[in-house]
Amino acid sequence: MDRTIEYIANLCKQNNILYGIGGSRMIKDIYFDVRVNDIDIFIKTSDVKRFKQLFASYEKATFATDRQYKSFFYGKYDFNGVKVDVMADMGVYYQLDCYRYQLNDISQVQERNNRNYMFLEDWFYIYWLIKRSDKINMIIDYWLNDVKCDQLRVDYLIKQNIPDDLKTYLINLM
C-alpha cells in the first residue's frame with residue numbers, strides 16, 4: 001500500500017494535481033492505529049481530467065450519483081490489488097439536503113513524509129454525513145483521551161454549510 005501511495009503522490013506532484021489522502025489510511029498514518037482496507041483520495045475538481053488520463057489503466061469504474069451521493073467525480077481504481085477510491089466535489093444527501101466536500105486549496109491538506117494528507121476534522125465531517133458511527137466514535141475517543149481537535153479546522157468547518165446537528169456538536173466539543 002505504501003508503494004501505491006508513493007506512486008500516486010509522485011505522479012500527482014509531477015503533474016500539479018492537488019490531492020489529499022483521507023479516510024482510514026490518513027488516520028493510521030497520522031493519528032492512531034486503525035484497520036485500512038483501501039485508500040481514499042480527494043482531488044480538485046479541475047484536476048479530474050488529468051488524473052483520469054494519468055491513471056486510466058488502473059481505473060475500474062466511475063460513479064456520479066446514487067441515492068446517497070451526488071459527486072462530480074467518484075472513481076474506483078486498482079493498483080496491483082490495492083483498492084483506491086478517488087473523489088472530487090463529494091456530495092452527500094443528509095437529512096433531506098445535499099452537503100458537499102470539495103478539495104479546493106492546498107490549505108486543506110497537510111504534508112507529511114512527502115505526501116498530502118487531509119485533516120482528521122474534515123473526515124469527521126465526511127464520516128458524520130455518511131453515518132459511519134464506528135469512525136465517528138473512534139475519532140471522538142481520540143479527541144477526548146489523547147489529542148484535542150484542531151481548533152482552526154473546527155472553526156473552518158463551522159463556517160461552512162454543514163448540518164445543524166454537526167455544527168451544534170462541534171461547538172459543544174470546543
Side-chain angles (χ1 to χ4, degrees), residues 5 8-27 29-31 38-56 58-77 83-112 114-132 135-136 139 149-171 173-174:
I5 292 173
I8 294 169
N10 286 338
L11 273 178
C12 284
K13 285 181 184 183
Q14 290 169 11
N15 289 276
N16 202 29
I17 294 173
L18 178 60
Y19 76 96
I21 301 164
S24 297
R25 185 56 198 237
M26 174 265 311
I27 291 171
D29 285 356
I30 298 177
Y31 299 101
D38 63 1
I39 302 167
D40 295 308
I41 296 177
F42 269 82
I43 60 174
K44 190 174 182 176
T45 304
S46 60
D47 292 335
V48 168
K49 185 176 180 179
R50 278 183 293 143
F51 187 94
K52 285 177 63 76
Q53 289 170 342
L54 280 171
F55 299 106
Y58 301 101
E59 188 173 49
K60 296 302 173 197
T62 58
F63 309 91
T65 303
D66 66 19
R67 291 176 187 230
Q68 186 180 5
Y69 303 103
K70 182 181 180 179
S71 299
F72 177 80
F73 174 73
Y74 175 69
K76 289 193 165 287
Y77 293 78
K83 306 294 186 232
V84 179
D85 293 340
V86 179
M87 296 147 275
D89 187 8
M90 179 183 188
V92 179
Y93 292 104
Y94 180 86
Q95 297 179 347
L96 304 177
D97 284 318
C98 185
Y99 294 93
R100 308 202 81 71
Y101 184 87
Q102 296 178 336
L103 182 64
N104 293 322
D105 189 82
I106 193 72
S107 67
Q108 291 175 267
V109 296
Q110 52 188 321
E111 188 172 329
R112 302 270 176 104
N114 225 15
R115 300 172 180 168
N116 291 345
Y117 289 95
M118 296 170 69
F119 288 90
L120 185 60
E121 292 74 13
D122 293 26
W123 271 85
F124 185 79
Y125 165 61
I126 293 167
Y127 286 142
W128 189 282
L129 292 179
I130 63 175
K131 300 177 182 171
R132 286 294 307 270
K135 302 286 181 150
I136 292 167
I139 294 170
C149 58
D150 182 328
Q151 187 69 41
L152 293 176
R153 289 310 298 169
V154 171
D155 288 342
Y156 168 81
L157 287 173
I158 288 172
K159 293 175 187 170
Q160 305 306 306
N161 179 32
I162 64 173
D164 289 338
D165 60 337
L166 175 57
K167 188 175 286 194
T168 300
Y169 187 86
L170 290 173
I171 289 169
L173 182 66
M174 299 187 301

- Heavy-atom pair of closest approach, residues Tyr99 and Pro163: CE2-N, 3.5 Å

- Note on the structure: Closest non-hydrogen atoms of Arg115 and Lys13, given as atom of the first, atom of the second and distance, are N-NZ, 3.8 Å

- Query: Does some side-chain heavy atom of Ile8 sit less than 4.5 Å from a side-chain heavy atom of Ile41?
  - Reply: yes

- Side-chain contact, heavy-atom cut-off 4.5 Å: Phe72 with Val48? yes

- Arg50 (side chain) donor-acceptor with Asn15 (main chain) under 3.5 angstrom: yes

- Query: Looking at OH of Tyr77 and NZ of Lys83, how far apart are the two atoms once the value is rounded to the nearest 0.5 Å?
  - Reply: 14.0 Å

- Lys135 side chain to Gly23 backbone, donor-acceptor under 3.5 Å: no

- Item | Test log, rule side-chain contact (heavy atoms from CB on, under 4.5 Å), inputs Asp40 and Arg25 | CA-CA 7 Å; Asp40 295 308; Arg25 185 56 198 237; over 6 Å; no

- Task: Looking only at non-hydrogen atoms, find the nearest pair between Gly20 and Leu103 and report the distance.
- Result: N-CD2, 3.6 Å

- So do Asn161 and Asp97 actually touch side chain to side chain, heavy atoms under 4.5 Å? no

- Task: Look at atom NZ of Lys49 and say whether more than 12 heavy atoms of other residues, nucleotides or ligands are closer to it than 6.0 Å.
- Result: no

- Let me see the working for Ile43 and Ile17 under side-chain contact (heavy atoms from CB on, under 4.5 Å), right down to the final yes or no. CA-CA 7 Å; Ile43 60 174; Ile17 294 173; 4.3 Å; yes

- Counting distance only, does the side-chain N/O of Glu111 pair as donor-acceptor with the main-chain N or O of Tyr117 below 3.5 Å? no

- Query: Hey, mind stepping through Trp128 and Ile139 against side-chain contact (heavy atoms from CB on, under 4.5 Å) and telling me if it holds?
  - Reply: CA-CA 11 Å; Trp128 189 282; Ile139 294 170; over 6 Å; no

- Task: Side-chain contact test, heavy atoms from C-beta onward, threshold under 4.5 Å: evaluate it for Phe124 versus Leu166 and give yes or no.
- Result: yes

- Task: For the pair Gln108 (side chain) and Gln102 (backbone), establish whether a donor and an acceptor sit closer than 3.5 Å, ignoring hydrogens and angles.
- Result: yes

- How far apart are the closest heavy atoms of Glu121 and Asp150, and which atoms are they? OE2-N, 2.7 Å

- Query: Rounded to the nearest 0.5 Å, what separation is found between the CG atom of Leu54 and the CG atom of Leu11?
  - Reply: 5.5 Å

- Message: Any heavy-atom pair between the side chains of Gln95 and Asp164 that's under 4.5 Å?
- Response: no

- Message: For the backbone of Phe55 and the side chain of Glu59, can you confirm whether one donor and one acceptor N or O come within less than 3.5 Å of each other?
- Response: no

- Task: Apply side-chain contact (heavy atoms from CB on, under 4.5 Å) to Trp123 and Ile27, showing your working.
- Result: CA-CA 9 Å; Trp123 271 85; Ile27 291 171; 5.6 Å; no

- Message: Nearest 0.5 angstrom please: Asp85 CG to Lys76 NZ, how far?
- Response: 3.5 Å

- Got a donor-acceptor contact below 3.5 angstrom from the Tyr19 side chain to the Asn116 backbone? yes

- From Asp29 CG over to Ile21 CD1, what is the distance, rounded to the nearest 0.5 angstrom? 7.0 Å

- Supply the atom-to-atom distance Thr168 OG1 to Leu173 CG, rounded to the nearest 0.5 angstrom. 12.0 Å

- Task: Examine Arg153 relative to Phe119 and say whether NZ or CZ is less than 6.0 Å from the centre of the six-membered ring and inside a 45° cone about the ring axis.
- Result: yes

- Report yes if some heavy atom in the side chain of Met90 is under 4.5 Å from a heavy atom in the side chain of Ile126; otherwise report no. yes

- Which atom of Arg100 lies closest to which atom of Tyr125, heavy atoms considered: O-OH, 2.9 Å

- Task: Fit a plane to each ring of Phe42 and Tyr101, take the angle between them on a 0 to 90° scale, and name the class: parallel (under 30°), tilted (30 to 60°) or perpendicular (over 60°).
- Result: perpendicular

- Task: Report, as yes or no, whether the 6.0 Å neighbourhood of atom CG on Asp105 holds more than 12 heavy atoms from other residues, nucleotides or ligands.
- Result: yes

- Search all heavy atoms of Val154 against all heavy atoms of Cys149 and return the closest pair with its distance. CG2-SG, 3.7 Å

- Item | Interatomic spacing from CD1 in Ile171 to CG in Leu157 - rounded to 0.5 Å | 11.5 Å

